[in-house]
Amino acid sequence: MARKILLLAGSAGGFSVILNILKSLERPILIPVIVIVHRNPKYASSIEDTLSKALVQKIKTADDKEAIEDGTIYFAPAGYHLLVEPDYSFSLDISEPVQYSRPSIDVTFESVAEIYKENCTAILFSGANQDGAQGLLMIKRYGGKTFVQDPATAEVPIMPEAAIQLDAQERILNIQEIKDYIKQLT
Amino acid sequence: MAELTDKIVAMISFEELEEIIDVVKNLHGYDVSGYTRASLKRRVTRIMELNKLNLQELKSNLINQPGFSTYFLQEITVNVTEMFRDPEFYKAVKTDVFPYLATYPHIKLWSAGCSTGEEVYSLAILLEEANLYQRAFIYGTDINGKVLEKAKRGIYSLAKVKEYSENFIKTEPKNSLSEYYTAMYNAATINNSLKKNVLFSMHSLVSDGVFNEFQLITCRNVLIYFDTELQNKVLDLFYHSLCHLGFLCLGAKESLINYKDAAKFKIVNKKQNIYQKIG
Ligand SMILES: C[S@@+](CC[C@H](N)C(=O)[O-])C[C@H]1O[C@@H](n2cnc3c(N)ncnc32)[C@H](O)[C@@H]1O
């Protein structure tokens, strides 16, 4: 059976929406999930630890060379780009920020696009820069499913708007629709 | 997807990347077959974009132009670095490791994959502040000759060094970082006294062996670019290069978790990935 993956990404205003959606789930998402959010490495947060108590499934920071497993939510570590290898494991990269960001959503999206192709679903949420738009387009070109949060519902619409400008999305969804979509993956 | 399949999505495929790895190995004796593919691919793609080359042109340049090969080999490594990157790490070295180092009459340190030297000078400053520098000698090695030239000069952008001051302050130092460099125009030059007990030279973790015995080895943000097999080989090299009870310092996201002989090390600081050779 083909390996599938779900990507959730955002920055300003996006993180809390993603967290709320994850917390609202009553059953675990069956496929692997990668969450990429911009956060300051200087305040290396332990959000994963706090969250693991609130969630019905395993959640952790992605480790270098770790095999990607179903049913686990992985966070991109602060200060590193998160890449996916052809053998479905993670690798980390400390090269220059992309779109002023490290982790960069574009970098992870582009990496995942090529490995998972049509078996990848990516959702881009609220955010204050254009990171992610290019990567989302790449996922679409490889046949993956691409959604963006409706900019009208986003705290900071720059990120979803950038993606829409590139026509990178298959559909624009409001938060309830995103919730419903993710629910059927549980 | 149908109307888009004719569009070029990635500049090279993973299969084509393997061809390039083979060319570089067979023609130049430079073996990157143990490097992680996703990062390697990004680097090769970047070189192709910067030089406006397609795969055929890239291969032909690699085969026919010696100058290009040198450039290519320099550009496929990721050399991003900082002074006092991860201040908490340096603080831990100071509190958890220096008391042991202080018991040796001569302290030899090795920064493997030192890039442009910021890590080496950070260690030099840390040692200086602990009054250990006069008995210490730091070897900084890298596979990339170009970054080593910069390391030897020890001249960095003043704006960057001002950012590093913030890192430095978090290590709870005695002095301000500005004590350790001279500012002129937009450049900060590391004090000569800090270069006295430092030597930079080429060394490949893939193909070169043990060259000395050390009390401390740092290899930070290098292993993430290697697959687990190459990581094991390099960790063996470190094991054999450390004295009994010598220290091994890895990067913030690197550990001995995939190392077959991890039992030969004891964890000194789990969060900062500092280990001590015991076996
Ligand atoms: C990201 S930099 C890390 C710099 C510094 N240690 C730090 O953490 O800030 C990685 C360095 O490893 C070097 N490197 C890569 N492959 C190597 C090899 N086979 N042998 C020695 N150095 C290597 C690269 O040239 C690069 O300068």
Side-chain angles (χ1 to χ4, degrees), chain A residues 41-44 46 61-68 75-98 102-104 106-120 134-135 137-146 167-168 170, chain B residues 1-15 17-18 35-43 45-46 75-82 85-88 113 115 163 166-167 170 220-232 250-255 257-259 271 273:
Chain A
K42 303 253 145 76
Y43 307 100
S46 50
T61 311
D63 281 326
D64 185 48
K65 309 285 134 57
E66 178 174 16
I68 300 174
F75 274 65
Y80 291 79
H81 294 305
L82 181 63
L83 305 174
V84 171
E85 296 292 323
D87 68 355
Y88 302 97
S89 65
F90 289 118
S91 63
L92 301 179
D93 170 24
I94 198 148
S95 62
E96 297 77 4
V98 170
R102 195 179 59 202
S104 149
D106 276 342
V107 169
T108 302
F109 276 15
E110 286 176 15
S111 176
V112 172
E114 209 182 337
I115 305 285
Y116 283 85
K117 304 197 172 68
E118 69 275 15
N119 296 311
C120 164
Q134 197 66 46
L137 182 61
M138 186 90 144
I139 291 173
K140 190 178 176 194
R141 284 185 180 169
Y142 271 101
K145 280 194 174 55
T146 56
D167 197 25
E170 187 182 308
Chain B
M1 163 119 195
E3 75 280 16
L4 291 158
T5 40
D6 54 325
K7 277 203 186 147
I8 299 164
V9 272
M11 287 184 83
I12 49 165
S13 65
F14 282 103
E15 289 73 30
L17 180 66
E18 296 306 315
Y35 284 52
T36 53
R37 294 304 188 261
S39 162
L40 213 48
K41 194 153 167 299
R42 283 190 73 220
R43 298 307 282 179
T45 302
R46 181 174 160 272
E75 291 298 318
I76 53 171
T77 53
V78 170
N79 306 117
V80 174
T81 187
E82 278 174 37
R85 170 184 266 172
D86 309 319
E88 293 298 321
S115 190
E163 285 175 34
E166 312 255 307
N167 288 350
K170 291 190 195 132
R220 311 194 72 225
N221 301 305
V222 181
L223 294 180
I224 47 174
Y225 295 103
F226 298 166
D227 63 24
T228 44
E229 193 184 325
L230 182 54
Q231 284 181 354
N232 267 275
L250 303 179
K253 291 287 159 195
E254 294 159 331
S255 71
I257 193 160
N258 291 315
Y259 183 42
K271 189 133 193 288
N273 297 313

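Naming convention: chains lettered A, B, ... in sequence-line order (proteins, then strands); numbering from 1 in each chain.
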- Can you pull the salt bridge (Lys or Arg N to Asp or Glu O under 4.0 Å) pairs that have at least one residue in residues 79-94 of chain A, sequence neighbours excluded? A:Asp93-B:Arg42
- Item | Interchain contact, A:Ser95 with chain B, by part (heavy-atom threshold 4.5 Å) | both
- Query: At their closest point, which heavy atom of A:Lys65 faces which heavy atom of B:Ile224, and how far apart are they?
  - Reply: NZ-O, 3.0 Å
- Note on the structure: When rounded to the nearest 0.5 Å, the distance separating OG1 of B:Thr36 from CG of A:Asp64 is 7.5 Å
- Query: Is the number of heavy atoms from other residues, nucleotides or ligands within 6.0 Å of CD (B:Glu229) greater than 12?
  - Reply: no
- Side chain to side chain, B:Val78 and A:His81, heavy atoms closer than 4.5 Å: no
- Might you work through the side-chain contact (heavy atoms from CB on, under 4.5 Å) test for B:Lys41 and A:Leu83, ending with a clear yes or no? CA-CA 11 Å; B:Lys41 194 153 167 299; A:Leu83 305 174; over 6 Å; no
- Message: So for B:Arg46, is it side chain, backbone, both, or neither that comes closer than 4.5 Å to the heavy atoms of chain A?
- Response: neither
- Item | Under 4.5 Å from a heavy atom of chain A, the part of B:Glu254 involved | neither
- Whatever's closer than 4.5 Å to a heavy atom in chain A on B:Ile257 counts as neither
- Task: Only counting residues at least two apart or in another chain, list the ones meeting side-chain contact (heavy atoms from CB on, under 4.5 Å) with B:Glu166.
- Result: none
- Residue by residue, scan residues 108-116 of chain A and write down, ordered by number, those that have a heavy-atom distance under 4.5 Å to chain B; if none do, write 'none'. A:Ser111, A:Glu114, A:Ile115
- What residues, two or more places apart in sequence or in another chain, satisfy ring-ring contact (aromatic ring centres under 6.0 Å, His included) together with A:Tyr80? none
- Do you know which of A:Asp63, A:Thr61, A:Val107 has the most heavy-atom pairs with chain B at a distance under 4.5 angstrom? A:Val107
